[in-house]
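Index from 1, following the sequence.
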Amino acid sequence: MGSKIRVGIVGLGFGAEFIPIYQNHPHTEMYAICQRTEEKLQQIGDHFGIQARYTSFEEMLKDDKLDAVHINSPIPNHAEQSIAALKAGKHVACTVPMATTIEDCWRIVEAQRESGKIYMMMETCVYTREYLFVKELRDSGQLGKIQFLRGAHHQEMKGWPGYWEGLPPMHYATHAVSPLLALAGKEAEYVSCLGSGRIADQLASKYGSPFAVESATFRLRDSNLAMEVSRSLFETAREYVESFDVYGDLMSFEWQQTEGERPVVFRGEQAERVEVPDYAGLLPEGIRKYTTEGVYDAAENVHLSFAQGSGHGGSHPHLAHEFVMSIIERRAPFPDVYTSANWTSAGICAHESAMNEGKQIRVPDFRQDSKQ
């Protein structure tokens, strides 16, 4: 492609973290921003020097100069905005989760197929430095044969925007599901999940989901592997954590218990804490610094993704780079639309199982199944 890809971002809370990444990527022009609140739109536009500004997502999609959209809007908007953008002929990057229903996952898969455009769910946990470190251990053969995987995401969402209140824990499970499936190189096939504990009635009434914690066991498709995932959002005491453990026959990796510690690798029964390196060297020089710092120039503007979780493990520039290069190289991104649908549906099916006393639920195979 001879010209730079013109990118538009919708949602300027977390979304603003990506503006200077696209501004400093060699193959992109940070072209447009979209935000319903006029005051915030103008503030961000002035701060970063972006001329094309929209308060309407629909109007932004009509802009023929726009090549790709990066969606960072509230969860309930993800599916409809992704579908609209694909139908408008734009490449789509969308923050997690892809959708909140199986039906909407199917609709996005179909829209991507029909449009031929890129769809990538921007899952941070498969581009963190910890994930890249364990992927190296796997690819080099140091882990040996993977025998089991475990993931967890515990976070107190009190004080976050109202649409989070009472959200079923497994409806936002991709941060715990994705690194396990990615390291196994497989997709989720069956799940049985149990709910545990109870959240306050005023929270539970929002989505009809009563559980404080949901804990699931998955069987992986075309594999002898199983994995466990646990998730909580409210009224469960725990320091913020998005963790994964991987057990191989030669080496195992376990996440640290607290943020101040280092993870542990085991060789047999011998344990060693390890220093996980940064992987900025995999990126174009202009965006390498964003693995370790946010975009703002004042401490009071730090986004919650840096206040909790160290900026998603340095993943933001890796995600943007993968999205851009998949467009440039005319190839499927990682994760592609099918993988994104599986990772999202794994959690949706897990919650369905929890609401049915642990009934085993099959996760759709979006590559092979027909839409029901």
Side-chain angles (χ1 to χ4, degrees), residues 74-76 78 95-102 123-125 148-181 188-220 226-247 254-261 263 304-305 307-309 312 343-363:
I75 290 172
H78 290 181
T95 192
V96 301
M98 172 188 256
T100 58
T101 68
I102 301 296
E123 175 48 67
T124 57
C125 285
F148 181 66
L149 309 100
R150 179 186 292 116
H153 181 185
H154 299 295
Q155 182 175 9
E156 174 57 63
M157 303 299 286
K158 183 178 180 180
W160 283 63
Y163 66 86
W164 287 99
E165 294 178 350
L167 187 75
M170 282 291 176
H171 276 197
Y172 194 75
T174 63
H175 289 335
V177 167
S178 63
L180 311 185
L181 294 175
E189 182 176 27
Y190 288 99
V191 60
S192 179
C193 182
L194 292 175
S196 181
R198 291 294 184 272
I199 56 175
D201 289 344
Q202 66 267 27
L203 291 173
S205 64
K206 298 289 186 72
Y207 292 92
S209 174
F211 304 119
V213 180
E214 290 181 333
S215 183
T217 302
F218 292 88
R219 170 64 63 191
L220 279 54
M227 68 185 200
E228 292 179 358
V229 172
S230 60
R231 183 72 173 95
S232 67
L233 283 159
F234 294 97
E235 299 181 354
T236 303
R238 178 64 169 87
E239 181 184 52
Y240 174 97
V241 65
E242 296 172 11
S243 66
F244 64 86
D245 305 326
V246 182
Y247 299 92
E254 285 190 356
W255 201 271
Q256 60 271 25
Q257 189 170 12
T258 66
E259 269 197 45
E261 300 174 338
L304 278 170
S305 67
Q308 295 180 319
H312 294 129
W343 292 354
T344 299
S345 296
I348 296 171
C349 292
H351 177 63
E352 179 184 349
S353 173
M355 296 298 289
N356 287 276
E357 299 182 345
K359 177 183 176 182
Q360 188 178 74
I361 303 292
R362 181 178 179 271
V363 181

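For the atom pair His312 NE2 and Cys125 SG, the distance stands at 7.0 Å (nearest 0.5 Å). With values rounded to the nearest 0.5 angstrom, Phe211 atom CZ is found 5.0 Å from Arg198 atom CZ. Separating the CD1 atom in Ile199 from the OG atom in Ser205 is a distance of 8.5 Å, to the nearest 0.5 Å. Rounding to the nearest 0.5 Å gives a distance of 4.5 Å between OH of Tyr240 and NE2 of His153. Note that CH2 of Trp255 is 7.5 Å distant from CD of Glu242, once rounded to the nearest 0.5 Å. Once rounded to the nearest 0.5 Å, the distance linking CE of Met157 with OH of Tyr163 reads 7.5 Å.
For the pair Thr344 and Ala99, the tightest heavy-atom approach, listed with the atom from each and the gap, is CG2-O, 3.3 Å. The two residues Val191 and Ala346 make their nearest non-hydrogen contact at CG1-O, 4.4 Å. Nearest heavy atom pair, residue Phe234 against residue Lys158, reads CE2-N, 3.8 Å. Residues Ser232 and Val213 come closest through the heavy atom pair CB-CG2, 3.9 Å.
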Quiz item: Checking side-chain contact (heavy atoms from CB on, under 4.5 Å) for the pair Gln155/Trp164: CA distance, chi angles, key distance, verdict?
Solution: CA-CA 12 Å; Gln155 182 175 9; Trp164 287 99; over 6 Å; no

Practice problem: Please report the C-alpha distance between Glu165 and Tyr207 in whole Å, then the side-chain angles of each, then the deciding distance to 0.1 Å, and finally whether the side chain to side chain donor-acceptor pair (under 3.5 Å) criterion is met. | Solution: CA-CA 8 Å; Glu165 294 178 350; Tyr207 292 92; over 6 Å; no

Practice problem: Given salt bridge (Lys or Arg N to Asp or Glu O under 4.0 Å), test Glu189 with Arg219 step by step and report yes or no. | Solution: CA-CA 6 Å; Glu189 182 176 27; Arg219 170 64 63 191; over 6 Å; no

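Side chains of Phe148 and Asp245 form no contact here, defined as non-hydrogen atoms less than 4.5 Å apart. Side-chain contact between Ser209 and His351 is present, with heavy atoms from C-beta onward closer than 4.5 Å. Contact of the Ser230 side chain with the His154 side chain is registered, since non-hydrogen atoms from C-beta on lie closer than 4.5 Å. Considering only heavy atoms from C-beta on, Leu181 comes within 4.5 Å of Leu220 through its side chain. Side-chain contact between Pro97 and His78: present, with at least one pair of heavy atoms (C-beta onward) separated by less than 4.5 Å.
Taking a cutoff of 4.0 Å between a charged side-chain nitrogen and a carboxylate oxygen, Arg231 and Glu214 do not qualify as a salt bridge.
A distance-only check finds a donor-acceptor pair linking the side chain of Ser192 to the backbone of Gly358 [under 3.5 Å]. Remark: the backbone N or O of Glu235 is paired with a side-chain donor or acceptor of Glu156 at under 3.5 angstrom. A donor-acceptor distance shorter than 3.5 angstrom exists from the side chain of Glu239 to the backbone of Glu259, with no hydrogens or angles considered. When atom types are taken as modelled, the side chain of Ser353 and the backbone of Cys349 share no donor-acceptor pair closer than 3.5 angstrom.
By the ring pair (Phe, Tyr, Trp, His ring centres under 6.0 Å) test, Phe218 is found to be paired with no residue, residues two or more places apart in sequence or in another chain being considered.
Residue Gln257 qualifies as open at atom CD: its count of foreign heavy atoms under 6.0 Å is 12 or below. Within a 6.0 Å sphere centred on CD of Glu357, other residues, nucleotides and ligands contribute 12 heavy atoms or fewer.
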Would you be so kind as to tabulate the donor-acceptor pairs closer than 3.5 Å made by side chains of residues 167-180, with sequence neighbours excluded?
unit_1	atom_1	unit_2	atom_2	d
Tyr172	OH	His175	NE2	3.3
Thr174	OG1	Glu123	OE1	2.7
His175	ND1	Glu123	OE1	3.3
His175	ND1	Glu123	OE2	2.7
Ser178	OG	Thr174	O	2.7

